[in-house]
There are 2 protein chains.
Amino acid sequence: MKTISENASFRGTQGVYTHRSTACNCDMTFALFLPEEAQQGPVPLMWFLSGLTCTHENAMTKAGAQAWAAEHGIAVVFPDTSPRGEDVADDDAYDLGKGAGFYVNATQDPWAPHFQMWDYIADELPALLGENFALDMDRQAICGHSMGGHGALTLAMNLPGRFTSVSAFAPIAHPTSSDWGRKQLAAYLGSDETTWAKHDATLLMAERGFDGPILIDQGTDDQFLDLLKPEALAEAMAKARQNATLRMQPGYDHSYFFISTFMEDHIAFHADALYAR
Amino acid sequence: MKTISENASFRGTQGVYTHRSTACNCDMTFALFLPEEAQQGPVPLMWFLSGLTCTHENAMTKAGAQAWAAEHGIAVVFPDTSPRGEDVADDDAYDLGKGAGFYVNATQDPWAPHFQMWDYIADELPALLGENFALDMDRQAICGHSMGGHGALTLAMNLPGRFTSVSAFAPIAHPTSSDWGRKQLAAYLGSDETTWAKHDATLLMAERGFDGPILIDQGTDDQFLDLLKPEALAEAMAKARQNATLRMQPGYDHSYFFISTFMEDHIAFHADALYAR
């Protein structure tokens, strides 16, 4: 692992690191905010999974997470959204290939050799973080935006016991019935739709739900509302009697201005769950 | 004036606008955050002047100002740092020409036709803002970073009565004795150094001071400390018995991670002064 940069931030440290990923078979970059409490011992960790086109950097610089993470003594990791490098397959469209890993393990060519983002986020990166930083890996929470909200919800429901709590900003809530989802799941996983089901938050909610609290914020002026389908997840959560809050936020769009506005609430929400464990 | 974008942010609106600038003889872009209180009537205004290489966008997205501006009901304007456009002179160096206007009125070629940033910030943009937005132009404060800290301090001291308060993050504090200053002042204003004096915060402090409170934050690990010369301004402020606070912040560098960490303090500082007027 190599340190790219470390900047003092809110009495803690905002770092950027690269490492060789076995899962993705390429170098991967991630950002990690460590609050000052990490100097004394392991601190809880919140994952922030980003959306289409993002790297580790967007949320690190624009989401305003460090202020609240510092207040609650919580670390935040910002992974990249896909494998990177010249030999990694890509597509001209912004929503497939680099910057659009969709948090799945690709089984189809040309994606399979590198696009193993599920294994990267679920297994490889947690192991690396636990070994190298003062993190209490028994206390993890997960959050994400858009494609990253999809990733947060599907990881949380597929890995019961791993995360105390899950939250999302404008998640892709029902990808198997959306143009943000069908195209990518077909490309990465093939045409057998039974392999898609574990990557759809609405289907997972109907099948198993989540063993902790859920918080979802969705702007009513989001330019991608028709692709996100919060109504499908809302119905599934209510039907499942899931412990969940869905807030339709009047006037907000899909941008980081929306995310930063409600980041304080999300981190406080996760802090409650993390410190209760 | 043309609206480029408007995003809901912390119950207010983060807008980006362009207009034809008479002072700079080109189209100029600025960002303006309006808190929700602006829907009821005029609100106080804080200026945020940015540093070398920045546009209106850097601080708008990375400084985390909106959270605290919303809390105090204050608007924040983020101007660009130089004229822009194909017919505007430039230099290969990052610290001269575009992105490096230094908040002066150039008298020398090739800069004079467009580089009139002093008039733009002191006269033209305030008039435009007062006409087009719900802003109480009798209650203005000013803040800036690096080159923008230089701009904030020199504007505040040269325009007594205009600003209730001035603050800066890692300002270029003594440009007439720094490589961040001598090169640019010579290029824009010519070799007669008597014309430089009104653009040097340390010299202005010795000559006249500021008729309100000053807050300056400076990171001790700032990679540009030798160019910024906070010690010169510190000495001048103490000698002048100026109402001022200079905080040397251990471990912080020159980045937006430093700025965002202390933005809450700066906006609270200005709010105290703005609401006391």
Side-chain angles (χ1 to χ4, degrees), chain A residues 4-16 31-36 39 54 57-71 76 78 169-170 217-224 247-268, chain B residues 4-16 31-36 39 54 57-71 76 78 169-170 217-224 247-268:
Chain A
I4 302 298
S5 61
E6 290 185 331
N7 299 83
S9 172
F10 289 92
R11 302 174 306 285
T13 303
Q14 179 59 63
V16 176
L32 177 69
F33 173 74
L34 282 176
E36 64 178 336
Q39 295 166 20
C54 288
E57 194 178 357
N58 303 64
M60 173 183 81
T61 57
K62 294 179 169 184
Q66 291 87 356
W68 316 116
E71 187 170 310
V76 185
F78 306 91
F169 298 89
D217 275 317
Q218 173 62 61
T220 63
D221 284 12
D222 191 314
Q223 58 270 47
F224 302 112
R247 308 190 300 189
M248 298 297 292
Q249 300 283 10
Y252 288 89
D253 58 29
H254 202 67
S255 71
Y256 276 95
F257 296 112
F258 161 59
I259 298 173
S260 60
T261 298
F262 299 106
M263 185 57 82
E264 179 179 12
D265 294 349
H266 283 242
I267 293 184
Chain B
I4 302 299
S5 62
E6 288 185 333
N7 300 82
S9 172
F10 289 92
R11 303 174 306 283
T13 302
Q14 179 58 64
V16 176
L32 177 68
F33 172 74
L34 282 176
E36 64 178 334
Q39 295 166 19
C54 289
E57 194 179 356
N58 305 64
M60 172 183 83
T61 56
K62 294 180 171 184
Q66 292 87 355
W68 316 116
E71 186 170 310
V76 184
F78 307 91
F169 298 89
D217 274 317
Q218 173 62 61
T220 62
D221 284 11
D222 192 315
Q223 57 269 49
F224 303 112
R247 308 192 298 189
M248 298 299 290
Q249 299 283 11
Y252 288 90
D253 58 29
H254 202 67
S255 71
Y256 276 95
F257 296 111
F258 161 60
I259 299 173
S260 60
T261 298
F262 299 105
M263 184 57 83
E264 179 178 12
D265 294 350
H266 283 241
I267 292 185

Answer with side chain, backbone, both or neither: which region of B/Gln66 has an atom nearer than 4.5 Å to a non-hydrogen atom of chain A?
-> side chain

Filtered by a 4.5 Å non-hydrogen cutoff, the part of residues 253-263 of chain B contacting chain A is B/Asp253, B/Ser255, B/Phe257, B/Phe258, B/Ser260, B/Thr261

Which atom names give the shortest non-hydrogen contact between B/Ser9 and A/Tyr252, and what distance separates them?
-> N-CE2, 3.8 Å

When every non-hydrogen atom of A/Ala8 is compared with those of B/Gly251, the smallest separation belongs to CB-O, 3.3 Å

Gap separating the CD atom of A/Gln249 from the CZ atom of B/Arg11, nearest 0.5 angstrom = 10.5 Å

